[in-house]
Amino acid sequence: MNYFVTAIGTDSGKTLVSSILVEALKADYWKPIQAGFPTDTEEVKKLVSNSITQFHPETHQLKLPASPHAAARFEHLHIQLDDFVEPETTNEIVVEGAGGVLVPINQEDFVIDIAKELEMEIILVANLYLGSINHTLLTVDYLKRNNFNVKGIIFNGDGNPESEQIILKHSGYRPLLHLPKLGKVTPEVIQYWADQLMLSWYE
Ligand SMILES: Nc1ncnc2c1ncn2[C@@H]1O[C@H](COP(=O)(O)OP(=O)(O)OP(=O)(O)O)[C@@H](O)[C@H]1O
Ligand SMILES: C[C@H](N)[C@H](N)CCCCCC(=O)O
Ligand SMILES: [Mg+2]
């Protein structure tokens with residue numbers, strides 16, 4: 001199974017969560033669209049320590065740290081959905097989106113449409129700041145209305161039981177992991193949280 005990691009926004013922790021997933025599953029990693037530097041792939045390479053994972057090149061590596069539709073226009077490029085061809089591998093792939101679900105890649109399509117085209121199972125990263133319930137349930141509503149197959153939700157940030165409870169109630173999604181605010185993120189920290197994730201992965 002290939003997993004598409006999305007979130008309720010940008011800077012939500014998708015790269016951090018992708019590193020944990022890659023380490024836990026010994027899966028490959030692919031960031032189809034990178035906007036800005038340093039790249040997420042470089043970050044994941046620093047955090048993953050297993051010898052099986054392959055890091056597949058971005059389909060579009062854009063200079064501007066902006067929405068892909070704008071970053072592409074800035075470079076006189078046009079991104080289209082059929083640019084995205086699943087990398088050749090016999091391994092599972094953890095695919096990281098860019099920003100949240102409705103991030104435009106051109107004037108018609110969105111980042112989440114890549115997951116639809118490639119029939120990937122969604123993993124949703126949800127933060128727990130004040131305001132994140134609304135952002136999360138809007139994302140959940142979109143995923144449900146468009147019949148996405150969702151593996152589960154990973155809460156990222158210091159505990160907020162009231163938010164977690166109401167999000168789980170309305171989404172019906174399985175909580176895969178709750179990642180607190182970490183200190184220095186090292187490969188050892190990633191391995192620890194990869195082990196935590198696997199405790200309930202096959203439930
Ligand atoms: N639980 C956490 N504890 C400590 N630092 C975190 C945590 N979650 C995210 N961060 C940090 O916050 C920053 C943004 O996280 P990250 O890069 O994973 O976001 P992202 O969702 O991948 O963003 P983008 O949409 O640009 O891909 C990073 O420096 C990351 O290490
Ligand atoms: C540049 C950033 N780090 C992400 N890769 C792209 C985020 C796009 C967000 C678009 C938006 O929702 O306004
Ligand atoms: Mg990222």
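The structure displayed is predicted, hence computed values, not measured ones. We count ligands from 1, going down the list as the structure has it; atoms in each ligand are counted the same way. Atoms considered below: every heavy atom in the structure, side chains included; atoms not considered: hydrogens, waters and symmetry mates.
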Indicate whether the side chain of Asp28 and that of Thr89 have a donor and an acceptor atom separated by less than 3.5 Å.
yes
Can Gln54 and Asn91 be counted as having a side-chain donor-acceptor contact under 3.5 angstrom?
no
Would you check if there is a donor-acceptor pair between the side chains of Glu203 and Ser200 at a distance under 3.5 Å?
no
Return all side-chain donor-acceptor pairs below 3.5 angstrom for residues 179-187, not counting sequence neighbours, or 'none' if the list is empty.
from	atom 1	to	atom 2	distance (Å)
Thr186	OG1	Glu188	N	3.4
Thr186	OG1	Glu188	OE1	3.3
Thr186	OG1	Val189	N	3.1

Flag this pair as yes if the NZ/CZ of Lys63 is under 6.0 angstrom from the six-membered ring centre of Phe37 and inside a 45 degree cone about the axis; otherwise no.
no
Enumerate the protein residues lying less than 4.0 Å from ligand 1, judged by heavy-atom distances, in chain and residue-number order.
Thr10, Asp11, Ser12, Gly13, Lys14, Thr15, Leu16, Lys31, Asp40, Glu96, Gly99, Asn156, Pro180, Lys181, Leu182
Begin with the C-alpha distance, continue with both residues' side-chain angles, and end with the deciding distance and a verdict on side chain to side chain donor-acceptor pair (under 3.5 Å) for Asn127 and Ser12.
CA-CA 6 Å; Asn127 307 107; Ser12 296; 3.0 Å; yes
Could you please spell out the steps behind the side-chain contact (heavy atoms from CB on, under 4.5 Å) verdict for Tyr29 and Asp40?
CA-CA 10 Å; Tyr29 175 79; Asp40 287 355; 3.4 Å; yes
Can you pull the residues with any heavy atom under 4.0 Å from ligand 2?
Thr10, Ala35, Pro65, Ala66, Ser67, Val103
Rounded distance [0.5 Å steps], OG in Ser49 versus CD in Gln191:
3.5 Å
Got a second to check how far Ile93's CD1 is from Asn2's CG, nearest 0.5 Å?
4.5 Å
So, for Tyr3 and Trp201, is the gap between ring centers shorter than 6.0 Å?
yes
Flag for Thr41-Glu58: side-chain donor and acceptor within less than 3.5 Å:
yes
Will you find, in the side chains of Glu96 and Thr15, an N or O donor that is under 3.5 Å from an N or O acceptor?
yes
Indicate yes or no: at least one non-hydrogen side-chain atom of Pro104 is less than 4.5 angstrom from one of Asp109.
no
In the shown structure, where waters are left out, how many protein N, O or S atoms lie under 2.8 Å from the Mg ion (ligand 3)?
3
